[in-house]
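Data first, discussion second: the structure below is written as structure tokens.
None of these values were measured; they are calculated from a predicted model.
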Amino acid sequence: MPITSDPLSGGYYAFKRIRTYVLQVWDLGGQDRLRTSWATYYRGTHAVIVVIDSVDRARITIMKEELFRLLAHEDLQHSVILVFANKQDLKDAMTPAEITDALSLHSIKNHDWHIQACSALTGDGLYDGLGWIAQHVTGKAPS
């Protein structure tokens with residue numbers, strides 16, 4: 001399944017088969033100039049994946065603010081949240097527990113959420129996280 005560029009959003013999308021599910025995945029990018037366009041893609045979203053650079057301690061507060069901003073959006077009220085704690089293969093990486101605390105994930109009460117240690121470089125943890133989404137979007141109310 002090919003990855004396709006969307007020049008209007010500055011992002012990419014692809015279809016990914018996980019078990020018996022086909023996921024349409026949008027990578028919208030996290031740059032300041034792109035964040036204002038995120039809400040365009042919220043309608044019909046069943047899951048949100050937030051990728052955290054586990055080595056970038058300086059930006060974790062920004063990520064927390066953006067996460068809670070998107071969780072408040074009406075179109076995401078039925079979405080589940082997967083946080084990929086990326087770059088776990090690096091020695092200075094924050095642990096998933098540290099990221100959970102820094103993002104205040106335990107305060108999220110209206111969404112199912114999961115944090116998954118991963119390494120995009122090696123692929124470790126990626127299928128586990130996507131499998132969690134596949135299990136948790138089944139039976140969700142349509143948005």
Item checked: Residues that Glu98 engages under salt bridge (charged side-chain N to carboxylate O under 4.0 Å, His left out), provided they are two or more places apart -> Arg57

Next item on the list: For Asp101, check salt bridge (charged side-chain N to carboxylate O under 4.0 Å, His left out) against everything at least two apart and list the hits.
Entry: none

Notebook entry, point to check: Taking only residues two or more places apart in sequence, or in another chain, which ones meet Ser107 in a side-chain hydrogen bond (donor to acceptor under 3.5 Å, both in side chains)?
Noted result: none

Item checked: Derivation and outcome, side chain to side chain contact (heavy atoms under 4.5 Å, CB included), residues Thr100 and Thr95 -> CA-CA 9 Å; Thr100 297; Thr95 66; over 6 Å; no

Margin query: Going by side chain to side chain contact (heavy atoms under 4.5 Å, CB included), name the residues that satisfy it together with Val48, two or more places apart in sequence or in a different chain.
Written below: Thr45, Val50, Leu70, Leu76, Ser79, Ile81

Next item on the list: Please list all pairs passing the ring pair (Phe, Tyr, Trp, His ring centres under 6.0 Å) test where one or both residues lie in residues 91-115, with sequence neighbours left out.
Entry: His106-Trp113, His114-Trp132

Checklist line | Ser119 (side chain) donor-acceptor with Asp124 (main chain) under 3.5 angstrom | finding: no

Check: Would you say the side-chain atoms of Gln116 pair up with the backbone N or O of Tyr127, donor to acceptor, closer than 3.5 Å?
Finding: no

Next item on the list: Please step through side chain to side chain contact (heavy atoms under 4.5 Å, CB included) for the pair Ile108 and Phe68, ending with a clear verdict.
Entry: CA-CA 9 Å; Ile108 299 172; Phe68 280 88; 3.9 Å; yes

Do the side chains of [X] and [Y] join up, straight or via other hydrophobic residues, at under 4.5 Å, putting them in one cluster?
X      : Y      : value
Leu90  : Phe84  : no
Met63  : Val55  : no
Leu121 : Leu126 : no

Can you measure from [atom1] ([X]) to [atom2] ([Y]) and round to the nearest 0.5 angstrom?
X      : Y      : atom1 : atom2 : value
Met94  : Asp56  : CE    : CG    : 7.0 Å
Leu103 : Ile60  : CG    : CD1   : 4.0 Å
Leu67  : Leu105 : CG    : CG    : 6.5 Å

Checklist line | Pairs meeting criterion salt bridge (Lys or Arg N to Asp or Glu O under 4.0 Å) with involvement of residues 77-90, two or more places apart | finding: Asp53-Lys87

Note to self: Are Ile115 and Ile52 packed together at the side-chain level, in the sense that at least one heavy-atom pair is separated by less than 4.5 angstrom?
What the structure shows: no

Note to self: Determine whether Gln88 and Cys118 satisfy the following criterion, side chain to side chain contact (heavy atoms under 4.5 Å, CB included), listing intermediate values before the conclusion.
What the structure shows: CA-CA 6 Å; Gln88 291 296 304; Cys118 74; 5.8 Å; no

